[in-house]
Amino acid sequence: MEPKLQLHGFNNLTKSLSFNIYDICYAQTEEQREGYIDYIDEMYNAERLTQILTDVVKIIGANVLNIARQDYEPHGASVTMLIAEHELTGDEPDNEESPGPLPDTIVAHLDKSHVTVHTYPESHPHEGISTFRADIDVSTCGLISPLKVLNYLIHSFDSDVVTVDYRVRGFTRDVDGTKHYIDHDINSIQNYLTEDTQNAYQMIDVNVYQENLFHTKMMVKEFNLDNHVFGENAEDLDPEIAQSIEDRLKREKLEIFYSRNME
């Protein structure tokens, strides 16, 4: 373990984590599509999201000062938290490149940082595909590291596709006046994920080390049609229809993963 960096004054580095998850579902009829959206709104309402963000705040070692939350019509939710940092305790450095602990629209603000989450339920009658997206941003200053919340967030949502971006901005000075543009070693966001998460997802890294930019795309490997069909059982479907639905869902997942449409 490298010796702790001796700083002159406050750590002025800003560490920003953007975490986007996608859940993909097949809902054939209008009634099923409305039922899926209602299910998502109930599962990830402002109250549930508040609890998720409260846990995130605990994991990164901050205190909640104030909470404001709102459920929207026809769907979606937002939560805003004002939170403050406190001195971290324990022998293990919070920035160590290792996984954090395990366990929907939300915004949380620290006294010098912020946490945001937004939910986007979406449905279209074309081919019966419905999706749910949650965007979570954690931006921290000082000793707090947002990377430790990744495992908890991945296990808090049913995620078919996940994209993660991490960036360190600004600089801080040591006692000799030398500027430091990052205060911890990092080779890949994947190193902050538990082994079971790494085994469950296909992952691709796109990193720009000289700019302290790190990007990881994740797509779940296992496919079970029962987990994606809303309002009916996959085993009750005609085999040809079931295969057609599976093909459409897999294509949707690939398009989201690669951020481009496939003909």
Between [Y] and [X], is there a side-chain heavy-atom distance shorter than 4.5 Å?
X    : Y    : answer
T178 : R173 : no
R248 : S244 : yes
K253 : V220 : yes
H184 : L147 : yes
K15  : D183 : yes
Q202 : M218 : no
N224 : N227 : yes
V164 : H215 : no

**Q.** Candidate pair I21 and V161, rule side chain to side chain contact (heavy atoms under 4.5 Å, CB included), full reasoning
**A.** CA-CA 6 Å; I21 71 99; V161 178; over 6 Å; no
Pair [X] + [Y], salt bridge at N-O below 4.0 Å:
X    : Y    : value
R133 : D23  : no
K250 : E246 : yes
D165 : R167 : no

Q: Tell me, yes or no, whether the heavy-atom count around E222 atom CD, taken from other residues, nucleotides or ligands under 6.0 Å, exceeds 12.
A: no
(Q) Taking CD in E30 as the centre, count heavy atoms belonging to other residues, nucleotides or ligands within less than 6.0 Å. Is the count above 12? (A) yes
Measuring from atom [atom1] of [X] to atom [atom2] of [Y], what distance do you get when rounded to the nearest 0.5 angstrom?
X    : Y    : atom1 : atom2 : value
L153 : N20  : CG    : CG    : 11.0 Å
Y181 : T172 : OH    : OG1   : 11.0 Å
L237 : Q28  : CG    : CD    : 8.5 Å
T216 : L150 : OG1   : CG    : 8.5 Å
D41  : T119 : CG    : OG1   : 7.0 Å
I136 : I52  : CD1   : CD1   : 7.0 Å

Q: For Y192 and Y166, run ring-ring contact (aromatic ring centres under 6.0 Å, His included): C-alpha distance rounded to whole Å, both residues' side-chain angles, the deciding distance at 0.1 Å, then the answer.
A: CA-CA 12 Å; Y192 291 86; Y166 178 65; 7.4 Å; no
Q: Begin from the C-alpha positions of S18 and D135 and carry the test side chain to side chain contact (heavy atoms under 4.5 Å, CB included) through to its verdict.
A: CA-CA 7 Å; S18 293; D135 293 351; over 6 Å; no
If you compare all heavy atoms of [X] against all heavy atoms of [Y], which two are closest, and at what distance to 0.1 Å?
X    : Y    : value
C25  : L249 : C-CD2, 3.8 Å
L17  : P146 : CD2-O, 3.4 Å
D176 : D174 : N-OD1, 2.9 Å
I37  : E122 : CD1-N, 3.9 Å
S259 : K217 : OG-NZ, 4.1 Å
A234 : D226 : N-OD1, 3.0 Å

In terms of hydrophobic clustering (I, L, V, M, F, W, Y; side-chain heavy atoms under 4.5 Å; direct or indirect links), are [X] and [Y] co-clustered?
X    : Y    : answer
I24  : M43  : no
F132 : I245 : no
Y26  : F257 : yes
Y22  : I189 : no
L213 : V168 : no

Would you confirm whether [X], through its side chain, and [Y], through its main-chain N or O, come within 3.5 Å as a donor-acceptor pair?
X    : Y    : answer
T54  : T50  : yes
S188 : Q190 : yes
E255 : M262 : yes
N233 : E235 : no
Y209 : I186 : no
D71  : N45  : no
Q32  : T29  : yes

(Q) Under the criterion side chain to side chain contact (heavy atoms under 4.5 Å, CB included), I'd like the reasoning laid out for D205 against F214: C-alpha separation, chi angles, the key distance, then a yes or no. (A) CA-CA 8 Å; D205 276 0; F214 304 88; over 6 Å; no
Q. So, Y152 versus D55: side-chain donor-acceptor pair below 3.5 Å or not?
A. yes
Q | ring-ring contact (aromatic ring centres under 6.0 Å, His included) against Y36, all qualifying residues, sequence neighbours excluded | A | F230
Q: For the pair F157 and F19, name the ring-plane relationship: parallel under 30°, tilted 30 to 60°, perpendicular over 60°.
A: tilted
